[in-house]
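What follows is a single structure, written as structure tokens, with notes after it.
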Amino acid sequence: MSARFVCVVGARPNLIKAAPLLEELANRSIDCALVHTGQHYDQAMDRVFFDELRLPHPAAHLGVGSGSHGVQTAAALVGIEEWLVSHPVDGLLAVGDVNSTLAAALAAAKLRIPVIHVEAGYRSGDVGMPEEINRLVTDHISSLLFAPTDDAVDNLRREGIADDIIEQPGNLVAQAYLTHRSRALDQKPWTRFGLREEQFVVATIHRPESADSSEVLQKIISELEAVPYRVLWPVHPRTRAYFATTSLSNNIILTQPLPYLDMVGLVSRAACIITDSGGIQEEACLAGVPCVTVRKTTERVVTVKLGANRLCRPDAIATSVEESLESTRGWDAPARWDLGVASRMTNALSRLSGN
Ligand code: UD1
């Protein structure tokens, strides 16, 4: 009998990465159920992505929702364990680095179900980031590791992980981006905001160290006000409340979290990106658009090495944007960030399961 898998998702970035892989598995008739923890639940953070990316209906929705790290991870852990006990599988695909990823990996590993970590080996070196803890633990209890870059492979080797469980099939964020780019550009999403191609900046700020501090947010806002373009800022629910009482200069356009296709189109035609998100650093790199990452460190080091991305402090955004706009473009895409990522992953899964 052929192997059965389950793929666990919980938050917006997971959905983008899971989509090409689930499609490839379905095309090759490999059985893979989808379980959604419900970590993200707003229409704009969740349902829209299911529709646009044509994700299958989840076999289970655990309704975990928001909470402290302990509460959220524990609720997902309990829910996933219950599901796994009543639905035997031969492997669990844990995607990305969110709390749901860690919970899924823990539940499966303790039930002796092989864990396959999709997006293994990224390291920022900053254990103050909850995602760094999620990545470290997930990688060290997995049976197969899909690293998105060569430096992620090096990180895993440096931590003593055996070579024979590491694969570098490329990055699913890249496959999703390349799959949807032309459809996204056809929609010209910038026109809906009154913007002209390459005459605007897209900003996303959602990490707790920025989004949860009104002092840091205020600093970021004054820097964005000094950027020589209009700035389109899709606001994560974390920062929604802050803007209810804050007035902004009119070069900043606030909007709801945007659907995937809108983001792909906007990132592709922006003059520059300002972000603290992980996936957007990768999308900007593929789009050939310079990225300014408002963080002390990044796990997407490949984008910095290529000259596509630079790190900056919240009080240095405007200067970094200026430097970015003057910088040389035309960097290469990282190795295997292409349309064959899901296919290479599926080949590895077939070998694992003897399909
Ligand atoms: C999570 C991930 C982060 C990822 C991000 C993408 C962890 C530790 N963090 O951060 O790595 O980059 O998702 O967006 O897993 N909220 C809503 N509606 C929603 C979801 C969240 O209003 O649908 C609000 C709630 O106030 C919640 C807060 O956002 O408390 C934070 O949500 P949470 O899932 O804890 O983390 P994110 O900041 O979204």
Side-chain angles (χ1 to χ4, degrees), residues 8-19 36-51 53 58 61-77 79-80 94-106 117-119 122-124 126-138 148 172-173 176 202-214 216-217 233-244 255-260 262-263 267 273 275-284 291 293-295 297-300:
V8 177
V9 294
R12 181 172 59 173
N14 299 159
L15 306 178
I16 297 164
K17 292 164 205 166
H36 193 333
T37 65
Q39 176 174 344
H40 284 174
Y41 44 85
D42 278 4
Q43 165 87 4
M45 303 285 284
D46 184 52
R47 191 67 254 164
V48 165
F49 288 76
F50 268 83
D51 295 343
L53 295 163
H61 193 288
L62 307 177
V64 161
S66 300
S68 68
H69 289 280
V71 165
Q72 190 175 59
T73 311
L77 176 63
I80 295 162
V95 184
D97 58 8
V98 303
N99 287 343
S100 303
T101 314
L102 172 64
L106 272 177
H117 186 200
V118 180
E119 197 179 80
Y122 268 164
R123 297 288 182 269
S124 67
D126 176 5
V127 283
M129 289 176 72
E131 294 83 354
E132 184 78 349
I133 298 169
N134 296 343
R135 293 178 201 122
L136 276 163
V137 177
T138 302
L172 286 171
V173 171
V202 177
T204 73
I205 298 291
H206 78 283
R207 298 202 51 74
E209 61 270 26
S210 306
D212 291 353
S213 156
S214 49
V216 179
L217 268 181
W233 185 347
V235 176
H236 186 279
R238 263 184 189 281
T239 34
R240 222 163 11 208
Y242 182 79
F243 289 107
T255 178
Q256 295 294 313
L258 290 172
Y260 180 64
D262 281 358
M263 274 310 276
V267 165
I273 306 295
T275 193
D276 60 2
S277 140
I280 294 176
Q281 296 172 52
E282 300 173 334
E283 288 159 358
C291 185
T293 298
V294 190
R295 281 176 45 186
T297 58
T298 180
E299 56 295 321
R300 273 76 176 177

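In each ligand, atom 1 is the first atom listed, and ligand 1 is the first ligand listed. The structure presented is a predicted model; accordingly, all values stated were derived computationally and were not measured.
- Near H69, meaning under 4.0 Å from any of its heavy atoms, are these atoms of ligand 1: 8 (C).
- The distance from ligand 1 to the heavy atoms of P13 drops below 4.0 Å at these ligand atoms: 6 (C).
- Classification of the H61-H36 ring pair by plane angle, with boundaries at 30° and 60°, yields tilted.
- Side chains of I205 and W233 form a contact here, defined as non-hydrogen atoms less than 4.5 Å apart.
- Atom numbering of ligand 1 starts at 1 in the shown order; those under 4.0 Å from a heavy atom of P237 are 16 (N), 17 (C), 18 (N), 22 (O), 24 (C).
- Within the 4.5 Å cutoff, no side-chain heavy atoms of T101 are placed close to those of E131.
- Considering each of H236, Q43, M129, Q72, the one bringing a non-hydrogen atom nearest atom 35 (O) of ligand 1 is Q72.
- Heavy-atom distances between S277 and ligand 1 stay at or above 4.0 Å for every pair.
- Contacts of E131 with ligand 1, taken as heavy-atom pairs under 4.0 Å, involve the side chain alone.
- Within the 4.0 Å heavy-atom shell around ligand 1 one does not find R207.
- Heavy-atom proximity to R240, at under 4.0 Å, picks out these atoms of ligand 1: 22 (O).
- Using a 4.0 Å cut-off between charged side-chain N and carboxylate O, R300 and E119 make a salt bridge.
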